[in-house]
Structures are given as C-alpha cells and as structure tokens.
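Since the structure comes first, as structure tokens, the remarks are kept for the end.
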Protein chains: 2
Amino acid sequence: MLKITRKVEYALIALSQMQLNGDESLTSVKEISQQNDIPYELLAKTMQLLAKAEIVEAVKGPQGGYRLKKDPTDIKMTTFFEIIEGPMGFMDCSFDSNCHQIRSCSIRTPIQRINDSIRNMFNNISLNDITRTT
Amino acid sequence: MLKITRKVEYALIALSQMQLNGDESLTSVKEISQQNDIPYELLAKTMQLLAKAEIVEAVKGPQGGYRLKKDPTDIKMTTFFEIIEGPMGFMDCSFDSNCHQIRSCSIRTPIQRINDSIRNMFNNISLNDITRTT
DNA sequence: AAATAAAGGACTAATTAGGTCGTATATATG
DNA sequence: CATATATACGACCTAATTAGTCCTTTATTT
Ligand code: SF4
Ligand code: SF4
C-alpha cells in the first residue's frame with residue numbers, strides 16, 4: 001500500500017549520483033545504470049520524464065548525458081512523485097474511477113484528511129533532503 | 001504508490017457502520033455488503049482478519065454477525081493497516097527482498113526517515129478518527 | 001433437521017509495476 | 001561526412017500484486 005516504486009528509487013539514486021558528480025558535469029544513463037546495477041532502459045525512461053519536467057537537462061551525442069537544471073532544494077517531493085508516477089499518485093479512495101455512492105460514504109472525508117496530511121508532509125520535504133550526499 | 005486498498009476501504013466502511021449500529025448489536029457481513037455494494041466474499045475475508053486480530057468479535061449462526069471488541073480509539077492506524085495488509089505494508093525501498101548493494105546505497109537512510117515520519121503520523125491517528133460517525 | 005452466519009482454502013481475473021525492444025534523432029569527433 | 005554515442009519515445013511483454021469468486025467446513029439458532 002505504501003512502497004516507493006522502482007522508478008522513483010532509480011530516479012533518486014540517479015539524482016544523488018549526479019549531485020555527487022557536480023553540478024556542471026554530465027552524467028550518462030549508461031554510467032548510472034552500470035554503477036548501480038539498474039536496468040538501462042527503465043532508467044533511461046525515467047530520466048526522460050525528469051528531462052521533460054526540466055528537473056534535468058539532456059545533452060545528446062558522445063560525452064553527452066544529463067545535468068541538473070533546477071536546484072533540488074526547490075523541488076518538493078510531491079512534485080517529484082507526480083512527475084514520475086503521473087498526477088494523483090497520493091493516498092485516496094477510488095472515488096474518481098467508479099464509485100457511485102460518494103454522497104453516502106462516511107469514510108471519505110477522514111480519508112481525505114489523511115491524504116492532506118501526507119501531501120502536506122511531502123510538500124515540506126525537498127528533493128535535496130533525499131539526494132544530498134553531504 | 002500511495003492508495004488505500006479495497007480491503008482497507010471495505011474494513012473501514014464496515015467498522016464505521018458497526019459503530020453506527022451501536023456497540024452491543026451484531027452486524028452481519030451480508031448486511032454490510034448489501035447496503036454498501038461491497039463484494040460479500042471479499043468483505044467476509046477482511047472481517048475474518050479483524051476477528052482474528054480481535055478488533056471485532058464474531059458470533060456464528062442465525063442472527064449472528066460481528067460486534068466491536070476493542071475500542072476503536074485505542075487502535076492505531078498503523079496496527080490496523082498491518083492487520084489487513086500484513087506486516088511491512090509501509091513505505092520502504094526493496095532492501096529486504098533482493099537488494100545486494102545496501103551498504104553502498106546513498107538514498108536508503110533518507111527514505112527511512114520519510115518512512116518513519118509516515119509511520120509516526122499513522123501512529124497518531126486512531127481507527128476511531130476515521131470511522132467515527134459523529 | 002434446516003437455515004444462517006462465520007472460517008478458511010483454492011482458484012481466477014484484473015490491474016499495476018517492472019522490464020525489454022526497436023527505431024528515430026541529435027551531436028561530438030576523427 | 002561517416003561513425004559512434006547519447007537521448008527520445010512508442011510498442012510490447014512479463015512479473016507481481018490486488019481484487020474478486022467459488023466451494024467446503026463449522027458453529028449455532030430456531
Ligand atoms: S465508497 Fe467512499 S471510500 Fe469508497 S470509493 Fe466511494 S467515496 Fe471513496
Ligand atoms: S538499499 Fe538502496 S539500492 Fe537497495 S533497495 Fe533500498 S534504495 Fe534501492
């Protein structure tokens with residue numbers, strides 16, 4: 001019910017390593033996948049998500065790779081999760097999909113309260129809090 | 001990554017309804033499943049988990065059903081989740097299953113910090129906070 | 001005895017997560 | 001300019017987890 005997914009884990013590892021390599025230097029998917037024993041293709045896709053969200057910047061061609069584009073300190077974990085897992089992503093009931101008894105449901109409101117608390121918590125944790133190496 | 005499961009949802013609805021029916025009276029799975037349009041068998045199993053954990057008490061035979069055994073105020077949500085979803089259940093990386101690079105992993109500790117925060121949060125929410133009807 | 005309700009095991013279906021493959025595009029460098 | 005190398009991206013497959021069903025047993029009331 002509450003486990004980080006591989007894609008999130010891989011992205012965190014990648015960013016952590018990129019911070020280690022320094023803000024200016026480029027880090028390739030190959031490098032990260034080999035050093036951390038992460039499936040290349042999957043990591044590649046994940047990095048593409050981060051690139052599209054402009055968390056990182058891609059440089060193609062030989063000696064290419066990724067470098068940080070935004071300061072990890074400025075990225076909330078909520079944002080980060082949603083970049084990788086798509087919108088929603090957070091604790092909620094299935095009211096969106098097919099629930100036909102929303103109005104009569106007694107537990108929805110308290111569940112949403114929990115949801116809000118979790119969101120709030122992840123809003124106050126920055127990407128840097130996880131990936132910083134110092 | 002963070003959505004309550006059906007079993008948890010069903011259990012919460014059931015307990016909520018039982019509280020509504022009063023502490024002494026018996027509520028049957030049939031009754032709950034019909035009134036809330038929940039698959040009978042699945043709810044039955046879930047109730048059996050709660051019975052085994054002595055959250056509720058089962059009474060067999062005609063006019064039987066379940067009644068609360070413990071005060072929902074005294075049950076932490078962490079406990080509740082783990083009764084239904086089994087141990088672990090909470091946010092963590094996959095270090096337990098097959099990770100062979102635990103010692104070199106840089107993100108594990110911060111992930112565990114998050115894990116602890118979430119656990120802590122759910123330790124401070126009681127079942128009653130969700131299921132109370134007042 | 002018959003009906004009713006929980007207990008529980010075995011199984012199937014649906015959904016999601018995890019991973020692979022093939023191809024296109026950009027670019028540094030000899 | 002050819003080649004090697006890197007990201008981009010869509011289609012696809014597989015594994016794992018969740019959700020749901022079926023069937024038999026056991027206890028208990030009437
Ligand atoms: S019944 Fe309530 S908890 Fe379940 S999906 Fe609908 S609104 Fe959400
Ligand atoms: S310890 Fe690190 S590498 Fe291993 S599963 Fe956890 S996050 Fe992944």
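Here is how names work: the chains are called A, B, and so on, in the same order as the sequence lines, proteins then strands, and each is numbered from 1.
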For [X] and [N], what is the distance between atoms [atom1] and [atom2] respectively, to the nearest whole Å?
{"X": "B:K7", "N": "D:dT17", "atom1": "NZ", "atom2": "P", "answer": "13 Å"}
{"X": "A:E54", "N": "D:dT7", "atom1": "CD", "atom2": "C1'", "answer": "16 Å"}
{"X": "A:I84", "N": "C:dG18", "atom1": "CD1", "atom2": "P", "answer": "11 Å"}
{"X": "A:L42", "N": "C:dT16", "atom1": "CG", "atom2": "P", "answer": "18 Å"}
{"X": "B:I13", "N": "D:dA19", "atom1": "CD1", "atom2": "P", "answer": "13 Å"}
{"X": "A:I32", "N": "D:dA6", "atom1": "CD1", "atom2": "P", "answer": "12 Å"}
{"X": "B:K45", "N": "C:dG9", "atom1": "NZ", "atom2": "P", "answer": "9 Å"}
{"X": "A:R6", "N": "D:dA16", "atom1": "CZ", "atom2": "C1'", "answer": "12 Å"}

Study note, to complete from the structure: A correct 5'-to-3' footprint of nucleotides 2-7 of chain C, with B, S and - meaning base, sugar-phosphate only and no protein heavy atom under 4.0 Å, is -BBBSB

Exercise for review: Of all the heavy-atom pairs spanning A:M47 and A:A14, show the shortest one and how long it is.
Suggested key: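 Where A:M47 meets A:A14 most closely, the heavy atoms are SD-CB, 3.8 Å.
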
Exercise for review: Would you list the pairs meeting salt bridge (charged side-chain N to carboxylate O under 4.0 Å, His left out) in which at least one residue belongs to residues 122-134 of chain B, sequence neighbours left out?
Suggested key: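 Of all non-adjacent pairs touching residues 122-134 of chain B, those that pass salt bridge (charged side-chain N to carboxylate O under 4.0 Å, His left out) are B:D129-B:R132.
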
**Study point:** Pairwise salt bridge (charged side-chain N to carboxylate O under 4.0 Å, His left out) hits with a residue in residues 40-52 of chain B, at least two apart
**Key:**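 Every candidate salt bridge (charged side-chain N to carboxylate O under 4.0 Å, His left out) pair involving residues 40-52 of chain B fails, so no pair, neighbours aside, qualifies.
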
Exercise for review: Just jot down the side chain to side chain contact (heavy atoms under 4.5 Å, CB included) partners of B:K30, sequence neighbours excluded, or say none.
Suggested key: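 B:K30 satisfies side chain to side chain contact (heavy atoms under 4.5 Å, CB included) with B:S28, B:Q34, B:Y40 once adjacent residues are dropped.
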
Check your understanding: Of all residues at least two apart in sequence or in a different chain, which pass the side chain to side chain contact (heavy atoms under 4.5 Å, CB included) check with B:K76?
Key ->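 Testing B:K76 for side chain to side chain contact (heavy atoms under 4.5 Å, CB included), a comparison that skips the adjacent residues, returns B:T78, B:T79, B:N123.
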
Review point. With sequence neighbours excluded, what pairs up with A:Q19 under the side chain to side chain donor-acceptor pair (under 3.5 Å) test?
Key: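 A:N128, A:T131.
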
Check your understanding: What's the closest nucleotide to the A:Y10 side chain, out of C:dG9, D:dA19, C:dG19?
Key ->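 Looking only at side-chain atoms, A:Y10 lies closest to C:dG19.
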
